[in-house]
Each structure stands twice: as structure tokens, then as C-alpha cells.
A.B. asks: 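For reference, the structure I am asking about is given below.
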Amino acid sequence: MKKNIPLFIAVSFLFLSSSCAVNSNRGTIRENHEVTNIFRSYEVVEDYNYFYYGVYLEPDTIMGIDKKYTVQSKFWKPIELTPEQLETWVIRLDRIRGDTDFARRYMGRYQGAYILDPEKSVIGIWYSKLDWGVFDFPGENIIIPYPPSLKPGSEGIRFRRGDD
């Protein structure tokens, strides 16, 4: 058994170092109330291309990505966002409660966040009921946003209609 310990340590080290190398091109989100206010004031930032995830009438997430980036995704839909459309979405999203999962700490409200690249530089904004966003950066000025979700291990809060 003692002979296998060095082999186990070596294999474990290789596995951990390779998984760190794979994740070195990952970005994430960082919650920020200023971003929440940007969305709730219906401001469309000119330097961003906008995308949404979910159904058009009630998207789970809206994001703006710096125009210098090319977004590669089959999950996110591009939109020429206008202040009027953003206002419609924000008002509608603030009213929905029935049969919808929200991040527990969001208490049924959509929240804003900055989208960060692997160096923690801001490259976009995010507005969602979900609190986890992951992004790959496989090449120069290329971003792959994955579907948003609740953070692993966190529970969502489920709101019910009065007639349930």
C-alpha cells in the first residue's frame, strides 16, 4: 500500500494542475447594484451587443457584451435592444412570481452583475434571476457564454401562485 502513495500523489497532482489549466480561460459574474440600476433605468449601453437567454417575453437573463468580442453560443439569442424593449422586460420581470426559480438571496428580484474575463476585467453586464454565469475565452476577443443557472449547491426559491 505504501508503494502506491507516491503514485497516487503524482496522479492527483497532475489531475489538479490540468484542471486548473483548463479553467484558466474562464470568466464569471460579480453582482453589483450599479448594474442593477442600469437595467432598471432602461439604459442600453451603446458599447455592448445584447443577448437574452430563455423565452423572449420573459427571459431568464439579459446580458450585454463589449462589441469588441465575438459571442459564440447556440443558447443565447442576439437582440437589437432598445430602451423601450428593456423597459417592457424589466417591468414584466419584476412582476413575475409564479412557478419560477430565483436565486434564494435575490428574493424574487432580478439582479445585475458585471461580466468578468479571466483577468477580472469588466467586459459586459448581466441582469438575471440566476446567480451563476460561466464564460470561456478560447481565443482573442472570443467569448462563449454558457447557460445561466443557480450556483452549485445553492437552492432556488420557488414562488407559488395563490391558487396552487
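Computed from a predicted model, the values in this text were never measured in an experiment.
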A.B. asks: Sub-3.5 Å donor-acceptor pair from the side chain of D136 to the main-chain atoms of P138, do we have one?
C.D. replies: no
A.B. asks: Could you pull out the closest heavy-atom pair between S128 and T61, with the gap in Å?
C.D. replies: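 The pair with the smallest heavy-atom distance is OG-OG1, 2.6 Å.
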A.B. asks: Please determine whether side-chain contact (heavy atoms from CB on, under 4.5 Å) holds for the pair E31 and Y114, giving the CA-CA distance in whole Å, both sets of side-chain angles, and the decisive distance to 0.1 Å.
C.D. replies: CA-CA 6 Å; E31 294 172 20; Y114 285 115; over 6 Å; no
A.B. asks: Could you go through the side-chain contact (heavy atoms from CB on, under 4.5 Å) check for V71 and I142 one step at a time?
C.D. replies: CA-CA 6 Å; V71 175; I142 298 172; over 6 Å; no
A.B. asks: S73 side chain to I144 main-chain N or O, any donor-acceptor pair under 3.5 Å?
C.D. replies: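 Absent.
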A.B. asks: Any salt bridge (Lys or Arg N to Asp or Glu O under 4.0 Å) involving residues 71-89? Give me the pairs, sequence neighbours left out, ordered by first then second residue.
C.D. replies: none
A.B. asks: For the residue pair Y42 and P83, what are the closest heavy atoms and their distance?
C.D. replies: O-CB, 3.5 Å
A.B. asks: Examine distances only and state if a side-chain atom of K67 and a backbone atom of E46 form a donor-acceptor pair shorter than 3.5 Å.
C.D. replies: yes
A.B. asks: For the CD1 atom of I62 and the CD atom of Q85, what is their distance to the nearest 0.5 Å?
C.D. replies: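 Answer for the CD1-CD pair, I62 versus Q85, is 8.5 Å.
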A.B. asks: If you look at every heavy atom in T28 and K120, which pair is closest and at what distance?
C.D. replies: CG2-NZ, 4.5 Å
A.B. asks: Under 3.5 Å, is there a donor-acceptor pair linking the side chains of R40 and Y127?
C.D. replies: yes
A.B. asks: Do the non-hydrogen side-chain atoms of F135 and L116 ever get within less than 4.5 Å of each other?
C.D. replies: no
A.B. asks: Would you give the length of the straight line joining atom NZ of K129 to atom CG of D60, rounded to the nearest 0.5 angstrom?
C.D. replies: 4.0 Å
A.B. asks: Looking at OH of Y48 and CD1 of I38, how far apart are the two atoms once the value is rounded to the nearest 0.5 Å?
C.D. replies: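 One gets 7.0 Å once the value is rounded to the nearest 0.5 Å.
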A.B. asks: For the side chain of D66 and the backbone of Y69, is there at least one donor-acceptor N/O pair under 3.5 Å apart?
C.D. replies: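 No: the side chain of D66 does not pair with the backbone of Y69.
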A.B. asks: For a quick test of reading the model, state the closest non-hydrogen atom pair linking A113 to I29 and the distance between them.
C.D. replies: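 Heavy-atom minimum between the residues: CB-CB, 3.9 Å.
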A.B. asks: Using side-chain heavy atoms (C-beta onward) and a distance below 4.5 Å, is L86 in contact with V90?
C.D. replies: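 Yes, close enough: below the 4.5 Å cut-off.
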A.B. asks: Are M63 and V55 linked, directly or through other ILVMFWY residues, by side chains that come within less than 4.5 angstrom of each other?
C.D. replies: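 No; tracing contacts between hydrophobic side chains, which count when under 4.5 Å, never links both residues.
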A.B. asks: Could you tell me whether the side chain of Q111 reaches within less than 4.5 Å of the side chain of H33, counting heavy atoms only?
C.D. replies: yes
A.B. asks: What closest approach, in Å, do F51 and P78 show between heavy atoms, and which atom pair accounts for it?
C.D. replies: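 So the two residues come closest at CD2-CA, 3.5 Å.
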A.B. asks: Could you report the tightest heavy-atom contact between P59 and Y110, atom names first, then the distance?
C.D. replies: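 Looking at all heavy atoms of both residues, the closest pair is O-OH, 2.9 Å.
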A.B. asks: Would a 4.5 Å heavy-atom cut-off, applied to side chains only, mark R26 and V134 as touching?
C.D. replies: yes
A.B. asks: With a 4.5 Å limit on heavy-atom distance, are the side chains of I125 and I115 in contact?
C.D. replies: no
A.B. asks: Using atom types as modelled and distance alone, determine if a side-chain donor or acceptor of Y50 lies under 3.5 Å from a backbone N or O of V45.
C.D. replies: yes
A.B. asks: Keeping the roles fixed (side chain from S41, backbone from N37), state whether a donor-acceptor pair exists under 3.5 Å.
C.D. replies: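 Yes: the side chain of S41 pairs with the backbone of N37.
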A.B. asks: Got a sec, which residues hit ring pair (Phe, Tyr, Trp, His ring centres under 6.0 Å) with Y52, two or more places apart in sequence or on another chain?
C.D. replies: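 Y52 satisfies ring pair (Phe, Tyr, Trp, His ring centres under 6.0 Å) with Y56, W89 once adjacent residues are dropped.
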A.B. asks: Using a 4.5 Å cut-off on heavy atoms from C-beta on, say whether the side chain of I123 contacts that of I65.
C.D. replies: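 Yes - at least one pair of side-chain heavy atoms lies under 4.5 Å apart.
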A.B. asks: Can any side-chain N or O of W76 pair as donor or acceptor with the backbone N or O of Y146 at less than 3.5 Å?
C.D. replies: yes
A.B. asks: T70 vs I143, test: side-chain contact (heavy atoms from CB on, under 4.5 Å). Steps then yes/no.
C.D. replies: CA-CA 6 Å; T70 300; I143 182 172; over 6 Å; no
A.B. asks: side-chain contact (heavy atoms from CB on, under 4.5 Å) between L130 and Y53: does it pass, once the steps are laid out?
C.D. replies: CA-CA 11 Å; L130 303 168; Y53 177 85; 5.5 Å; no
